Asker: 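Mind having a look at this structure? Questions to follow.
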Amino acid sequence: MHLRSLFLPIAATSRRDLAERLGQLLVGLFLYGVALGLMVRGGIGVAPWDVLALGVSGSTGLGYGLVTVLVSILVLILWIPLRQRVGLGTLLNALLIGPSADLTLALVPAPPSVWIGAPMFVAGLVLLAFATGLYIAADFGPGPRDGLMTGLVRRTGWRVWIVRTLIEGSVLLVGLLLGGPVGVGTVLFAFGVGPLVGLFLPWCTRLREVRSRQLAAL
């Protein structure tokens, strides 16, 4: 496979469109990390991948953000036999979300009670769904975890829900065995993230498409 064929092409209607989409990508990834930090600070459980990251962090002493980056890099390595093509957004996703989450954890103190922690988690979940819509609508390629799922679906022919369940179930189990926090927030994430992304993603995509057409006409 040629090196060039490993990467997704970058298309834009104009230089300004490219610049705006890149800015949208960076804002989306930064907010995604902020959202993760808020959910961790909520203290009522986290998403499966974060159960794993926090479990590894607690077992090794490495920071949560660093572990998040290392897990993303490991997932990207798993892309190789799947022949998944990497986008600019894929690489920035792997490298930027962890530091953004660590910055949030450094600035936001742990809540004194669950009555503050639970709303903090919910706010993080809503923000994560919005951030997901922003960075996906920028159209610079999927995140490492999403790409792993779609690559396995393509290679196995299995349904998306089966592959996603197997991946996240395995990640959750390993994270739980390592001492990662599982709680009501984990359940809220499992049932809430899909509908929320389904709300924000079409809206962000429509706005981006309209804006790109406007810039193409300038």
Side-chain angles (χ1 to χ4, degrees), residues 10 12 17-54 57 63-73 75-76 87-111 116-147 149 168 185-186 188-212:
I10 297 176
D17 177 53
L18 180 62
E20 286 191 6
R21 284 172 45 220
L22 182 58
Q24 179 176 321
L25 171 69
L26 294 175
V27 170
L29 293 176
F30 175 76
L31 291 179
Y32 195 104
V34 172
L36 291 182
L38 290 176
M39 290 193 293
V40 170
R41 276 287 181 253
I44 61 170
V46 290
W49 283 101
D50 297 306
V51 173
L52 174 64
L54 289 168
S57 177
Y64 164 70
L66 175 59
V67 172
T68 299
V69 172
L70 294 176
V71 168
S72 295
I73 293 172
V75 171
L76 284 178
L88 176 62
T90 309
L91 298 176
L92 292 179
N93 182 302
L95 297 175
L96 298 183
I97 286 177
S100 175
D102 267 352
L103 177 63
T104 303
L105 291 172
L107 296 177
V108 178
I116 297 176
M120 185 181 294
F121 177 91
V122 173
L125 179 58
V126 174
L127 179 60
L128 182 140
F130 173 65
T132 299
L134 275 183
Y135 92 76
I136 290 180
D139 196 24
F140 283 101
R145 295 156 185 79
D146 291 331
M149 180 189 68
E168 299 207 354
T186 309
L188 288 174
F189 183 91
F191 288 98
V193 69
L196 286 171
V197 171
L199 176 67
F200 285 114
L201 179 55
W203 178 70
C204 291
T205 300
R206 283 195 303 270
L207 290 180
R208 184 68 258 161
E209 289 175 347
V210 169
R211 179 60 178 165
S212 292

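Note that the structure is predicted; figures quoted are calculated from it, not measured.
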Asker: Can you name the residues that form a salt bridge (charged side-chain N to carboxylate O under 4.0 Å, His left out) with Glu168, not counting sequence neighbours?
Answerer: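 Listed in chain order: Arg164.
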Asker: Report yes if the side chains of Asp17 and Arg208 come closer than 4.5 Å at any heavy-atom pair, otherwise no.
Answerer: yes
Asker: For Leu25, run the side-chain contact (heavy atoms from CB on, under 4.5 Å) check against Asn93, Leu96, Leu92 and tell me which one passes.
Answerer: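 In the set Asn93, Leu96, Leu92, the residue that makes a side-chain contact (heavy atoms from CB on, under 4.5 Å) with Leu25 is Leu92.
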Asker: Could you grab the distance from atom OG1 of Thr132 to atom CG of Leu201, nearest 0.5 Å is fine?
Answerer: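 So the gap between those two atoms works out to 8.5 Å.
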Asker: What distance do Arg21 atom CZ and Leu26 atom CG have between them, rounded to the nearest 0.5 Å?
Answerer: 12.0 Å
Asker: What is the distance from atom CD1 of Ile73 to atom CG of Leu91, rounded to the nearest 0.5 Å?
Answerer: 10.0 Å
Asker: Are Val126 and Leu196 close enough, and set up right, to give a side-chain contact (heavy atoms from CB on, under 4.5 Å), and what steps lead you there?
Answerer: CA-CA 7 Å; Val126 174; Leu196 286 171; 4.2 Å; yes
Asker: Should the ring pair Tyr135 and Tyr32 be called parallel, tilted or perpendicular, given that the plane angle runs from 0 to 90° and is split at 30 and 60?
Answerer: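 Judged by the thresholds at 30° and 60°, the geometry between Tyr135 and Tyr32 is perpendicular.
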Asker: Give me the atom names and distance for the closest heavy-atom approach of Pro202 to Val197.
Answerer: CD-O, 3.8 Å
Asker: Set out, in order, the CA-CA distance, both residues' side-chain angles and the distance that settles side-chain contact (heavy atoms from CB on, under 4.5 Å) for Leu134 and Val27, then state yes or no.
Answerer: CA-CA 8 Å; Leu134 275 183; Val27 170; 4.2 Å; yes
Asker: Report the C-alpha separation of Leu128 and Phe189 in whole Å, then their side-chain angles, then the decisive distance to 0.1 Å, and conclude whether the side-chain contact (heavy atoms from CB on, under 4.5 Å) test is met.
Answerer: CA-CA 10 Å; Leu128 182 140; Phe189 183 91; 4.1 Å; yes
Asker: If you round to the nearest 0.5 Å, how far is CD1 of Ile136 from OG1 of Thr205?
Answerer: 8.0 Å
Asker: Run the salt bridge (charged side-chain N to carboxylate O under 4.0 Å, His left out) test against Arg41 and tell me which residues pass, sequence neighbours left out.
Answerer: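 By the salt bridge (charged side-chain N to carboxylate O under 4.0 Å, His left out) rule, Arg41 matches no residue at all.
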Asker: Which atoms form the tightest heavy-atom contact between Ser72 and Pro144, and what is the distance?
Answerer: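 Closest approach of Ser72 to Pro144, heavy atoms only: O-CB, 4.0 Å.
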Asker: Looking at Ala138 and Gln24, what are the two nearest heavy atoms and their distance?
Answerer: N-NE2, 3.5 Å
Asker: Please round to the nearest 0.5 Å and tell me the distance separating atom OG1 of Thr186 and atom CZ of Phe121.
Answerer: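 Between Thr186 OG1 and Phe121 CZ, I get 7.0 Å after rounding to 0.5 Å.
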Asker: Between Leu54 and Tyr64, is a side-chain contact (heavy atoms from CB on, under 4.5 Å) present by the stated rule, with each step listed?
Answerer: CA-CA 6 Å; Leu54 289 168; Tyr64 164 70; 3.5 Å; yes
Asker: Do Leu88 and Leu22 come close enough that some side-chain heavy atom pair is under 4.5 Å?
Answerer: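 In short, these two side chains touch, coming nearer than 4.5 Å.
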Asker: Supply the atom-to-atom distance Asp102 CG to Leu66 CG, rounded to the nearest 0.5 angstrom.
Answerer: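 Between Asp102 CG and Leu66 CG, I get 8.0 Å after rounding to 0.5 Å.
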Asker: Hey, does Pro99 have a side-chain heavy atom less than 4.5 Å from the side chain of Val69?
Answerer: yes
